[in-house]
Amino acid sequence: MSKSLPSRAENYSEWYNELVKRADLAENSAVRGCMIIKPYGYSIWEKMQRALDDMFKETGHTNAYFPLFIPKSFLSKEASHVEGFAKECAVVTHYRLKNDPNGGGVIVDPDAKLEEELIVRPTSETVIWSSYKNWIQSYRDLPLLINQWANVVRWEMRTRLFLRTAEFLWQEGHTAHATKKEAIDETEQMLEVYAEFAETFMAMPVLKGIKTANERFAGAEETYCIEALMQDGKALQAGTSHFLGQNFAKAFDVKFLSKENQLDYVWGTSWGVSTRLMGALIMAHSDDQGLVLPPKLAPIQVVIVPIYKGDEQLNLIKDKIDPLVKALKKQGVSVKFDTSENQSPGFKFAEYELKGVPIRLAIGGRDIENGTIELARRDTREKTSMPFDGIEQVVIDTLQDIQEKIYAKAFAFRESNTHEVNTWEEFQTKIEEGGFISAHWDGTSETEEKIKELTKATIRCIPLGVKKETGKCVLTGSTSEHRVIFARAY
RNA sequence: CGGGGUGUAGCGUAGCCCGGUAUCGCGCUUGGUUUGGGACCAAGAGGUCGUAGGUUCGAAUCCUGCCACCCCGACCA
């Protein structure tokens, strides 16, 4: 195994794959397309879950759990929904194995065929709405605000760790409301929650917007999304929030009696983010040395590496560091004091950089004599020797500063890679350079598809609050009322 | 599912053309010396050469089937 990572410039996707493996985030499993999320990677996901879950609770949602298996008949109740997912569903057809009479291990018992096949959920709208039918009778039962943390399966042809896997972890919120307005408000609220999470925790700027009909979720009336720009200039859809209208209520016959004693279908939403966010996090900040994690999501925020000759010196260092570790932990900072002897300091430096630990403190005999300690920040890779006294506060301030700086850096990157484009020639040139392209579009699916065919670029979103501006579609020249954002996407 | 490629120790590989039971590096174990940016020395452990069959006295090597994985396309969060 070579020591350094492939560089981003050299081969971005190889850099990504190697980074995921070397930083011990995840690896491929025996089943094609599935991944094993390793402890270090999973602890980042847990931090994401915690933060998101708190935000969901704060906005009035409660968690529940619905089954993995969906009767095939459920899936076909909402026409566009089946159509959207049919091609990538795993299907359970039997419930028993038996020993192969010809001696070849176990085989599927042909006598154990299921009456009705079960679909491994690609998403849970159908199971959930079939329950909601029983749970909702009156306006007093509304709104129903439920979230679940679960795994889902979509049988993708080509997969990549975190970015697209056959099985992935996510949360899916499913809500039911008495009015259309309330449901739309909910959809927009959850988009805000996602955007806030992405920006404050992941330090990743996102563009909020609405999907075009082509890119809309199967079964939704409107799909809201947050879109992020990765370092290679490709866009990544980081989260979606769907206004379902009354589609699922009608498909599953979910009606309620209003205050006015009127029977009507309820209005629905669903919204989700997945382990794909891990991919976004990795690509948003990391460099050729490895991961760069925002302090708010880093499993280890500070690592302390002792440099010593002999036990005596190590003990001196321990005497100094133990109280510091205690003090930092008390302040809620996660610290690792790495006293392991089997690796040299240099190895540890490289290792923790690879793993994206925001701050590294190094302390050796020299520092003990001088009353100093060396602080290295992962984002800039700057090393500074500073007085040991007061280091605790410096660490806390620096964590905060790193969180802000990496956001600012990602924001600046997005800004400098977002271009207004007015002609087709310009569009073709700019799309090759990567980044977001803000351009006029005539509003038709035909044009959108044509552009995709010609350039591989899709409309990432119609930004929320986009200003009205009369213009001409970059491709057809037909009139357009506002710009939309194009990019090549993951 | 089309087009290309690769399967040899935990990982990365040499050997294959031209058949004689497998090379090197990393990692691992033990002991010692080290430690301010991926330490060094010594001794070890670790292999049904993807799989099934064929050719042969003899197959990692030649032939055939199968399987898996990777890359490029169509599909997608």
Side-chain angles (χ1 to χ4, degrees), chain A residues 1-5 11 13-14 17-18 21-22 27-34 83-89 104 122-123 151-172 194 211 214-218 220 223 225-228 235-242 270-280 289-290 305-311 313-314 317 338-355 360-370 372-376 381 383 385 452-453 456 458 460 489-490:
Chain A
M1 184 161 64
S2 79
K3 279 174 184 172
S4 62
L5 228 41
N11 186 340
S13 67
E14 203 182 316
N17 286 332
E18 280 297 304
K21 286 177 199 159
R22 299 251 199 109
E27 62 188 25
N28 284 308
S29 76
V31 178
R32 185 187 131 70
C34 293
E83 207 185 308
F85 288 103
K87 285 169 288 181
E88 49 187 38
C89 286
T123 178
N151 58 339
V152 289
V153 169
R154 297 182 189 174
W155 213 265
E156 301 287 352
M157 278 312 180
R158 285 187 64 195
T159 59
R160 296 189 65 192
L161 293 169
F162 290 119
L163 294 174
R164 178 168 302 110
T165 46
E167 179 194 19
F168 55 93
L169 305 185
W170 75 346
Q171 65 57 224
E172 43 180 332
Y194 288 156
K211 287 290 186 193
N214 279 359
E215 302 275 325
R216 198 177 285 154
F217 175 74
T223 288
C225 62
I226 51 171
E227 292 284 329
L236 184 81
Q237 179 175 306
T240 47
S241 183
H242 314 291
S270 69
W271 27 275
V273 294
S274 71
T275 35
R276 180 179 238 203
L277 287 179
M278 292 285 294
Q289 270 67 44
V305 178
I307 301 157
Y308 58 93
K309 298 181 171 60
D311 281 350
Q313 206 169 54
L314 177 60
I317 293 171
D338 187 351
T339 55
S340 62
E341 290 170 34
N342 51 341
Q343 278 139 357
S344 67
F347 183 92
K348 290 176 186 175
F349 292 172
E351 187 68 13
Y352 290 110
E353 272 171 18
L354 179 63
K355 292 199 161 188
R360 180 185 72 235
L361 296 174
I363 182 163
R366 225 152 63 196
D367 295 294
I368 295 287
E369 277 174 32
N370 303 335
T372 55
I373 191 163
E374 184 187 82
L375 183 147
R381 301 187 76 227
K383 294 195 287 195
S385 182
K452 183 177 177 182
E453 213 174 281
K456 293 183 185 168
T458 50
R460 300 322 300 156
Y490 274 98

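Proteins get letters first, then strands, A, B, ... in listed order; numbering begins at 1 in each. Just so you know, these numbers use all the heavy atoms, side chains as well, and skip hydrogens, waters and symmetry mates.
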Non-hydrogen atoms of A:Thr339 and A:Tyr308 that approach each other most closely: O-OH, 4.0 Å
Hey, what's the ring geometry for A:Phe217 with A:His242, parallel, tilted or perpendicular (30° and 60° as the breaks)? parallel
Would you sort out whether A:Gln313 and A:Ile368 count as a side-chain contact (heavy atoms from CB on, under 4.5 Å), showing the intermediate values? CA-CA 9 Å; A:Gln313 206 169 54; A:Ile368 295 287; 5.8 Å; no
For the atom pair NZ (A:Lys383) and CG (A:Leu375), what is the distance rounded to the nearest 0.5 Å? 11.5 Å
Any strand counts, and the cut-off is 3.5 Å on both contacts for Watson-Crick or G-U wobble. Which nucleotide pairs with B:rG2? B:rC72
Rounded to the nearest Å, what distance is computed from the CD atom of residue A:Glu27 to the C1' atom of nucleotide B:rC11? 12 Å
Let's see if you can work this out: which of B:rA39, B:rG37, B:rU35 has an atom nearest to the side-chain heavy atoms of A:Ala350? B:rG37
With the side chain defined as heavy atoms from C-beta on, A:Glu156 is closest, among B:rU35, B:rG38, B:rC75, to B:rC75
Closest approach to the side chain of A:Lys309, judged atom by atom: which nucleotide of B:rG38, B:rU35, B:rG37 is it? B:rU35
Measure from the side-chain heavy atoms of A:Ser344 and tell me the nearest of B:rG37, B:rU35, B:rA39. B:rA39
If you measure from the Lys or Arg side-chain nitrogens to the Asp or Glu carboxylate oxygens, is any gap between A:Lys211 and A:Glu227 under 4.0 Å? yes
Between A:Asp367 and A:Leu163, name the one whose nearest nucleotide on RNA chain B is closer to the 5' end. A:Asp367
Classify A:Thr165 by what it touches in the nucleic acid, base, sugar-phosphate, or nothing, heavy-atom distance under 4.0 Å. base
Of A:Lys348, A:Arg360, A:Gln289, which meets side chain to side chain donor-acceptor pair (under 3.5 Å) against A:Glu353? A:Arg360
Could you go through the side-chain contact (heavy atoms from CB on, under 4.5 Å) check for A:Val152 and A:Glu172 one step at a time? CA-CA 10 Å; A:Val152 289; A:Glu172 43 180 332; 4.3 Å; yes
By the 4.0 Å heavy-atom rule, please label A:Gly272 as base, sugar-phosphate, or nothing. nothing
Against the side chain of A:Glu351, the closest entry in B:rG36, B:rC75, B:rG38 is B:rG38
Phosphate oxygens OP1/OP2 of B:rG73: is one of them under 4.0 Å from a side-chain N or O of A:Lys456? yes
Specify the separation, in whole Å, of atom CZ of A:Arg360 and atom C1' of B:rG36. 10 Å
Quote, to the nearest angstrom, the P distance that separates B:rC66 from B:rA74. 28 Å
For A:Tyr490, which contact category applies under a 4.0 Å heavy-atom criterion: base, sugar-phosphate, or nothing? nothing
First of A:Gln237 and A:Glu374 reached from the 5' end of RNA chain B, by closest nucleotide: A:Glu374
Return the polar atom pairs (N/O with N/O) between nucleotides 69-71 of chain B and the protein under 3.5 Å, or none.
unit_1, atom_1, unit_2, atom_2, d
B:rC70, OP2, A:Arg32, NH1, 3.4

Taking any heavy-atom pair under 4.0 Å as a contact, classify A:Tyr308: base, sugar-phosphate, or nothing. base
The side chain of A:Ala362 is closest to which nucleotide in this list: B:rU35, B:rG38, B:rG36? B:rG36
